[in-house]
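The block underneath contains the structure these notes are about, expressed in structure tokens.
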Amino acid sequence: MARRKLIAGNWKMNGSVAALAELDGIAAAAAHAPGVDVAIAVPATLIAPAAQRVPALAIGAEDVHMAASGAHTGCISAEMVAAAGATFTIVGHSERRADQQESDADVKGKAAAARRAGIGAILCVGETLAERDAGDAESVVTGQIAGSLPDGAAADWLSIAYEPVWAIGTGRTPTVADVAAIHGAIRAKLAVLIGDEAVRMRLLYGGSVTPDNARELLGADDVDGALVGGASLTAAKFVPIIEAGAA
Ligand code: PGA
């Protein structure tokens, strides 16, 4: 089945109001690539100004709390980011799983919060280098899917991003065959969990996607888009990746 590609950026803890100027070029490229969905997750402080600056672009959060409100100092809910103009959020990024010790159950709660607030979610999974070297990549990733997939998982609001931890920010990427193998395993697991909806769900690859390797990675079987960190910070690098998605 033909799935529309999704090219999503993740600014992580980078960016300022001045950096939002990069979004102008990205929005223009997105307008010229009608066959591709383009989205950018930005730090919470930039959601509102980004959404106001480029209303045609999908602006998202990088994380949300699972509760709608309450005594959680420093946290931000899905309802809050939605009110600021976010139309989606990333959940379960490996940097949060590692730095904030987020469990699969936490990630499931955060994805459910996105659904409750009426926004989309990109749910991240991925193995460490030690897990890959031990031959456990597939079982780790499908285990994360089983543990973190929320109730009501459906392609109209949820995508999955496969991001091998060892490929993030390192310039190293798996082979196209390795990516296709894991994506195939994810889709098979999804079929067990959500039946026919698995065919519609978009599976993104993330980890050191650049203008140079985007076309090859996006051409792999079962790859329906990319989640891009470093190369999403500038229009000069992100626009060619959008174009690769449209090719
Ligand atoms: P990277 O990050 O493209 O800088 O490797 C990807 C991600 O963490 O989403």
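Any value given below was found using the heavy atoms of this structure, including those in side chains, with hydrogens, waters and symmetry copies removed. Numbering of ligands and ligand atoms starts at 1, following listing order.
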Can R215 and E243 be said to form a salt bridge (charged side-chain N to carboxylate O under 4.0 Å, His left out), step by step?
CA-CA 9 Å; R215 194 173 289 249; E243 290 168 351; over 6 Å; no

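The N/O atoms of T170, backbone and side chain alike, include none that comes under 3.5 Å of an N/O atom in ligand 1.
Within ligand 1, the atoms closer than 4.0 Å to a non-hydrogen atom of L227 are 9 (O), numbered from 1 in the order shown. If you number the atoms of ligand 1 from 1 as listed, the ones under 4.0 Å from a heavy atom of G207 come out as 5 (O). Near H93, meaning under 4.0 Å from one of its heavy atoms, ligand 1 places the atoms 7 (C), 8 (O), 9 (O).
Under 4.0 Å from ligand 1, the heavy atoms of N10 that appear belong solely to its side chain.
Scanning the protein for heavy atoms near atom 4 (O) of ligand 1, the closest one is G230 N, 2.9 Å. Looking at atom 7 (C) of ligand 1, its nearest protein heavy atom turns out to be E163 OE2, 3.1 Å. Among all protein heavy atoms, the one lying closest to atom 2 (O) of ligand 1 is K12 NZ, 3.2 Å. In this structure, the protein non-hydrogen atom closest to atom 3 (O) of ligand 1 is G229 N, 2.8 Å.
Heavy atoms of G206 come nearer than 4.0 angstrom to ligand 1 in no pair at all. Contact analysis leaves A231 out of contact with ligand 1, as no non-hydrogen atom separation drops below 4.0 angstrom.
The heavy-atom pair separating V228 from V209 by the smallest distance is CG1-O, 3.9 Å. Of all heavy-atom pairs spanning A82 and A117, the tightest one is CB-O, 4.3 Å.
Atoms CE and OG, on M66 and S77 in that order, are 12.5 Å from each other to the nearest 0.5 Å.
For the side-chain contact (heavy atoms from CB on, under 4.5 Å) with Q144, the qualifying choice from L123, V107, V125 is V125, the only one to do so. Exactly one of Q101, E62, K110 qualifies for a side-chain contact (heavy atoms from CB on, under 4.5 Å) with R96. That residue is K110.
K5 NZ: more than 12 foreign heavy atoms inside a 6.0 Å radius.
Linking Ile, Leu, Val, Met, Phe, Trp and Tyr residues whenever their side-chain heavy atoms come within less than 4.5 Å leaves I242 and I122 in two separate clusters.
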